[in-house]
Amino acid sequence: MSIQLPDPIERYVQIANSGTPEAVPECFAADAIVRDEGQTYEGVAAIQNWMATTKKKYGHTVTPLELAEHGGQSVLKARLAGSFPGSPVTVNFNFVVAGGKIRSLAIG
């Protein structure tokens with residue numbers, strides 16, 4: 001089963017799965033913020049570094065399961081599989097998208 005994702009979220013999943021952090025500007029706004037594992041990453045350069053570092057560390061893949069809208073956020077429930085304890089896990093990716101770009105992403 002495949003689900004229809006908004007373009008910036010679809011592109012995020014493609015970038016995360018392919019390990020191509022140089023493509024981050026295609027889906028994230030210049031001043032976007034990502035929150036993951038208790039850390040905050042601000043701006044495209046920091047987000048590119050975070051994506052490259054986590055891909056190298058975990059070798060993970062993101063498999064979308066369902067998408068819901070809650071209070072201005074797009075909440076993507078996805079299976080996250082990689083080289084970490086408990087893999088695979090189901091995780092919520094909380095996106096705020098505006099102007100065709102991801103403004104913020106909180107993973108938890």
Side-chain angles (χ1 to χ4, degrees):
M1 175 182 109
S2 68
I3 59 173
Q4 192 68 20
L5 299 174
D7 289 341
I9 297 174
E10 176 72 29
R11 189 67 186 123
Y12 166 80
V13 171
Q14 292 169 349
I15 293 166
N17 288 340
S18 65
T20 53
E22 63 277 5
V24 160
E26 294 175 19
C27 64
F28 280 93
D31 59 349
I33 296 173
V34 171
R35 291 180 180 84
D36 182 38
E37 297 185 306
Q39 300 291 317
T40 300
Y41 307 92
E42 297 183 43
V44 168
I47 294 168
Q48 285 176 309
N49 186 56
W50 160 75
M51 287 190 86
T53 301
T54 56
K55 188 67 168 183
K56 184 176 179 181
K57 182 176 180 182
Y58 300 120
H60 62 282
T61 58
V62 178
T63 304
L65 300 173
E66 63 183 61
L67 183 70
E69 298 293 326
H70 295 291
Q73 291 190 7
S74 298
V75 180
L76 175 64
K77 182 197 257 184
R79 186 174 66 247
L80 193 60
S83 58
F84 52 86
S87 175
V89 295
T90 300
V91 177
N92 285 335
F93 291 78
N94 298 289
F95 293 94
V96 174
V97 176
K101 299 276 186 166
I102 298 167
R103 303 288 308 172
S104 70
L105 167 59
I107 302 171

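Side chains are part of it too, since the values below use all heavy atoms of this structure and drop only hydrogens, waters and symmetry mates. Since this is a predicted model, take the numbers as computed values, not measurements. Along the sequence shown, the residues carry numbers beginning at 1.
Annotation: side chain of V97 is not in contact with side chain of P6 (no heavy-atom distance under 4.5 Å). For the pair Y58/L80, no side-chain contact is recorded, criterion being any heavy-atom separation below 4.5 Å from C-beta on. No side-chain heavy atom of I102 sits less than 4.5 Å from a side-chain heavy atom of V34.
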- Message: As a quick check of understanding, evaluate side chain to side chain contact (heavy atoms under 4.5 Å, CB included) for V89 and F84, giving each step before the final call.
- Response: CA-CA 10 Å; V89 295; F84 52 86; 3.9 Å; yes

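In terms of heavy atoms, P88 sits closest to A81 at CB-CB, 3.9 Å. Across all non-hydrogen atoms, the minimal contact from V13 to L76 is CG2-CD2, 4.1 Å.
Judged by distance alone, the side chain of N17 and the main-chain N or O of V62 form a donor-acceptor pair under 3.5 Å. In terms of modelled atom types and a separation under 3.5 Å, the side chain of S74 and the main chain of E69 share no donor-acceptor contact. In terms of modelled atom types and a separation under 3.5 Å, the side chain of K55 and the main chain of H60 share a donor-acceptor contact.
Under the side chain to side chain donor-acceptor pair (under 3.5 Å) criterion, the residue pairs touching residues 89-108 are D31-R103, with sequence neighbours excluded.
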Would you be so kind as to tabulate the donor-acceptor pairs closer than 3.5 Å made by side chains of residues 22-30, with sequence neighbours excluded?
residue: E26; atom: OE1; partner: R11; partner atom: NE; Å: 2.5
residue: E26; atom: OE1; partner: R11; partner atom: NH2; Å: 2.9

Output side-chain donor-acceptor pairs under 3.5 Å for residues 41-51, partner residues at least two apart or in another chain, one line each.
residue: Q48; atom: NE2; partner: P21; partner atom: O; Å: 3.3
residue: W50; atom: NE1; partner: D36; partner atom: OD2; Å: 3.0

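With rounding to the nearest 0.5 angstrom, the CZ atom of F95 is 5.5 Å from the OH atom of Y12.
Side-chain heavy atoms closer than 4.5 Å link hydrophobic residues (I, L, V, M, F, W, Y) into clusters, and following such links, even through other members, never connects V96 to F93. When the side chains of ILVMFWY residues are joined at heavy-atom separations under 4.5 Å, either directly or via intervening members, L105 and L67 end up in a single hydrophobic cluster.
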